Q: 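Encoded as structure tokens, here's the structure I'll be asking about.
The shown structure was predicted, so the numbers you read here are calculated from the model rather than taken from an experiment. Reckoned from all heavy atoms, side chains included, excluding hydrogens, waters and symmetry mates.
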Amino acid sequence: MRQRLVSFGLLFLLVLPVKAQTALTWEQTLDLLGDTEDVESIGWASTGSLLGDLFVQKMDINTITREDLEQLPFLSAQQVEDICEYVYKYSPLKTLDELAMIESLDAETRLVLQQFLRIDEMDEKPGSLPSLATIAKYGKNELTAYAQVPFYDREGDKNGYLGEKYRHWLRYTFNYGDRVKAAFVGAQDPGEPFFANKNSWGYDYYSFYLQLKKVGRIKSLVVGRYRARFGMGLVMNTNFSFGKLMSLSSLGRSTSQVTGHTSRMDGLYLQGAATTVALSKQIDLSAFASYRKIDATLTDDGEGIATLLTSGYHRTESEMQCKHNASQTVAGGDLTWHDHGFTFGLTGLFTQYSKPLQPNTNQLYHAHSPQGKDFWNIGVHYGFLRGAFSFSGETATGDSHALATVNSISYALNSRLSLMALQRFYSYKFYTIFGRSFGEATSTQNESGIYLGAEWKPLDGLTLMGYSDVAYFPRARYMVSDSSHAWDNLLQATYQRGYFKLQARYRIKFSERDNADKTDLERKTDQRGRFSVTYQPAAWQVKTQVDIASSSFQENSFGWMVSEQVAYRQPKWQVGGTIAYFHTDDYDSRVYLFEPGMIYTMNFPMFYGEGIHYALQAKWTPSKRLMASAKFQTNDYFDRSAIGSGLQRIDASSQSELELQVKWTF
């Protein structure tokens, strides 16, 4: 134990001064976004895939549209509008450094934004689609392969799982600028059969799409698998959503977009075709249709759907029996008008299942879940942007004949202070199959609340961000048998000067849970704190971080973690390492750590108990066409002789694995 802590402490001393850099790597870009957000409230898997796409297949700044920029969740409504206006006035831009002329873009946001943009030198007529020969000649192909090799066996690997213990995936993408995109993904989770059982075609999961953009009046046309979001997401949002802290930026806008789906997540996507057409300069029409097989657990008689499954796991006989045993048909559209800062849109959606949804309504938290085969929703979304003031919202209903509404207002008093307020009301009777919007809970149902947030820059280099969110739940929820409340508060301070960046964050959340006898509700208090120091000259990045977590409900739980991350980068290669010591009383005081990973992924491992986490990563780029990376990591626990339970149980106190990735561009 002492030797481990000594080796851990030595990494704290590894700091070398070198000239500052301005370009970010993929890992540094994610690190900045990870510093901004709270990991517990977001779905980072799909986020990493989408941002990975945009990072590799960068958007041409001179032909960029509002819909393009709205794919980047860290931009505010004002920033999106200001960028579009600047490009319209001064296009063609000769360099991305011109973004410094946009007052609403601070230095850090501009630095991250530049990682997703390029200056396109291809000469083509606006709105025209080049010939197939031109597309084939100037288009870029990318083939990426990934494998994860575990140096351990789970119980299911010995007896229970249908396949081998390795995770692997293959991904091919083609893009001609941002006008033509195509992608194909095949993925396999550990334990799933490969070229066997129901997977006779090889991989357990496939995804594909072809997308055309900016062709005449067609803003976007996608065939294959895709995602869509309109307005504030009450009716349709199969895209990712960030949490409450980044909402200070992203919720100041109303979004309408259709994008291809290349995430390895098996839920929340549509399959078929979707398009957005500009009927005029002010009016856009989107239409989509989808049919896909879905995973579900069926009722005892096999005539109904008890639970919709989105995990995508097909490792055991029982999981395989749930694969594609039902189907889902979706059709809908959106009509949006925007002019001089005003936006108004109408979204409609119809969903049908091959078998009726029949959830167990004897469970109180399922009392108002959707039931039946046919469902519809309709909503209006609206917004107004004028200078530093923005307002956006959406109101929806459906076959539930109940109401849901979410509305936000933001105002930048000056370049240093901006405020936001958000109100939501989701009736306990309201339900939507594809809706996801702002909230404390995961569904847009049974919740009302008020969110207040602020961002203040009192001094050069110092940024204060914070929010307070009060929520009320009128009906039962999971582990809560009566009406309840929640109050979530966070304050974050970031100070950056020269090579150094200091960040401190504190979050406290009050909620209510059933007591042991389920006769009354008891208060649950969760607190999290973080302090980090980052030193980042030209070639080095050194980050020291301390995390604490506590939970008070029936019993008290406390945990902490100290971590160190070091990376050294050269033009053709880079190496890095992470070491973290964690000590928590139990799962309730678990801690999280952002850690650099492979491209198209985001890695936020969670730890509880006592132990040390080690990771080493290396990337080699011998040419612009070839990249190879590897990562080895170990979790070494001091408080247990076995890890996990059931088929996931590992009969050892340590868990090691190797990740390999190769990317070839041609």
Q: Return the CD1 to CG distance between I450 and L452, rounded to the nearest 0.5 Å.
A: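 Here the rounded value is 7.0 Å.
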Q: Looking at side-chain heavy atoms only, is the closest gap between L234 and Y426 below 4.5 Å?
A: yes
Q: I'd like to know if the side chain of S418 reaches the main chain of A412, judged simply by a donor and an acceptor atom lying under 3.5 Å from each other, with no hydrogens or angles considered.
A: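 No; zero donor-acceptor contacts below 3.5 Å.
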Q: D204 versus K323: any side-chain heavy-atom pair under 4.5 Å?
A: yes
Q: Is a side-chain donor or acceptor of S290 paired with a backbone partner of Q271 at a separation under 3.5 angstrom?
A: yes
Q: Are the side chain of T275 and the backbone of S220 linked by a donor-acceptor contact shorter than 3.5 Å?
A: yes
Q: In terms of side-chain geometry, is the basic nitrogen of D526 or K524 positioned less than 4.0 Å from the acidic oxygen of its partner?
A: yes
Q: A side-chain contact here means heavy atoms from C-beta on lying under 4.5 Å apart; do F391 and N407 qualify?
A: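 Yes, close enough: below the 4.5 Å cut-off.
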Q: Between S286 and T276 (side chain of the first, backbone of the second, donor and acceptor by atom type, cut-off under 3.5 Å), is there such a pair?
A: no
Q: Does this structure show an ion pair linking R590 with D547, if we count only N-O contacts that are shorter than 4.0 Å?
A: no
Q: Can you classify the ring geometry of F230 versus F288 as parallel (below 30°), tilted (30 to 60°) or perpendicular (above 60°)?
A: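 F230 and F288: parallel rings.
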Q: Between H324 and D295, does a side-chain contact (heavy atoms from CB on, under 4.5 Å) hold up when you go through it step by step?
A: CA-CA 5 Å; H324 296 172; D295 293 359; 3.4 Å; yes
Q: For the side chain of D301 and the backbone of E303, is there at least one donor-acceptor N/O pair under 3.5 Å apart?
A: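 Yes.
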Q: Where the side chain of Q445 meets the backbone of F430, is there a donor-acceptor pair that is under 3.5 Å apart?
A: yes
Q: Just so I know, are the side chains of F438 and Y451 near enough to count as touching, which here means a heavy-atom distance under 4.5 Å?
A: yes
Q: Do H261 and V185 touch side chain to side chain, with heavy atoms closer than 4.5 Å?
A: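 They are not in contact (no side-chain heavy atoms under 4.5 Å apart), so the answer is no.
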Q: Supply the atom-to-atom distance K355 NZ to I305 CD1, rounded to the nearest 0.5 angstrom.
A: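 One gets 7.5 Å once the value is rounded to the nearest 0.5 Å.
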Q: Quick check against the 3.5 Å criterion: does Q328 have a side-chain atom that pairs as donor or acceptor with the backbone of K293?
A: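 No; judged by distance alone, with no hydrogens or angles, the pair does not exist.
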Q: Between R66 and E81, is any pair of side-chain heavy atoms under 4.5 Å apart?
A: yes
Q: Using the side chain to side chain donor-acceptor pair (under 3.5 Å) criterion, which residues pair with K219? Sequence neighbours excluded.
A: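 For K219 the side chain to side chain donor-acceptor pair (under 3.5 Å) partners, ignoring immediate neighbours, are E67, D284.
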Q: Can you name the side-chain contact (heavy atoms from CB on, under 4.5 Å) partners of T259, sequence neighbours left out?
A: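 side-chain contact (heavy atoms from CB on, under 4.5 Å) list for T259, sorted by chain: Q71, R227, N239, Q257.
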Q: Could you please spell out the steps behind the side-chain contact (heavy atoms from CB on, under 4.5 Å) verdict for E455 and T463?
A: CA-CA 7 Å; E455 181 176 355; T463 302; 3.8 Å; yes
Q: Charged N to carboxylate O under 4.0 angstrom, K213 versus D68?
A: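 Between D68 and K213 there is a salt bridge, with a charged N closer than 4.0 Å to a carboxylate O.
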